[in-house]
Amino acid sequence: MNPTKNPILLFDGVCNLCNHSVQFVIKNDKDRVFRFAALQSDIGHQLLQQYGLSSGDMDTVVLVANGKAYTR
């Protein structure tokens, strides 16, 4: 699955800190490079599964870029 060539930030859609972090990135992403998806969304679940990650283990955002998932 490769919905976009742009980097995707996966975030906890019910976490206020995560939502504020996403808002910060949106505000500062002048070239509109990043795409976003909640971990709880269908695409979020699909990407986590594709990269062998579990949403239950997530306490941070996940960056999906260049065919890899970064959690740190």
How far does [atom1] of [X] sit from [atom2] of [Y], to the nearest 0.5 angstrom?
| X | Y | atom1 | atom2 | value |
| --- | --- | --- | --- | --- |
| Asn28 | Phe34 | CG | CZ | 10.5 Å |
| Leu10 | Gln40 | CG | CD | 10.0 Å |
| Leu48 | Gln50 | CG | CD | 10.0 Å |
| Cys18 | Leu9 | SG | CG | 10.5 Å |

Smallest separation among heavy atoms of [X] and [Y], with atom names:
| X | Y | value |
| --- | --- | --- |
| Ala69 | Leu53 | CB-CD1, 3.9 Å |
| Asp29 | Val33 | OD2-N, 2.8 Å |
| Asn6 | Arg32 | ND2-O, 4.1 Å |
| Ile43 | Ala37 | CG2-CB, 3.5 Å |

In terms of heavy-atom contacts, does CD of Gln49 have more than 12 from other residues, nucleotides or ligands at under 6.0 Å? no

Other residues, nucleotides and ligands only: do more than 12 of their heavy atoms fall within 6.0 Å of CG on Asp42?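 No, the 6.0 Å shell around CG holds no more than 12 heavy atoms from other groups.
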
Among the clusters formed by ILVMFWY side chains lying less than 4.5 Å apart, do Leu39 and Leu17 turn up in the same one? no

Mind checking what makes side-chain contact (heavy atoms from CB on, under 4.5 Å) contact with Ile26, not counting sequence neighbours? Val22, Gln23, Phe36

Quick one: does Leu63's side chain get under 4.5 Å of Lys68's, heavy atoms only? no

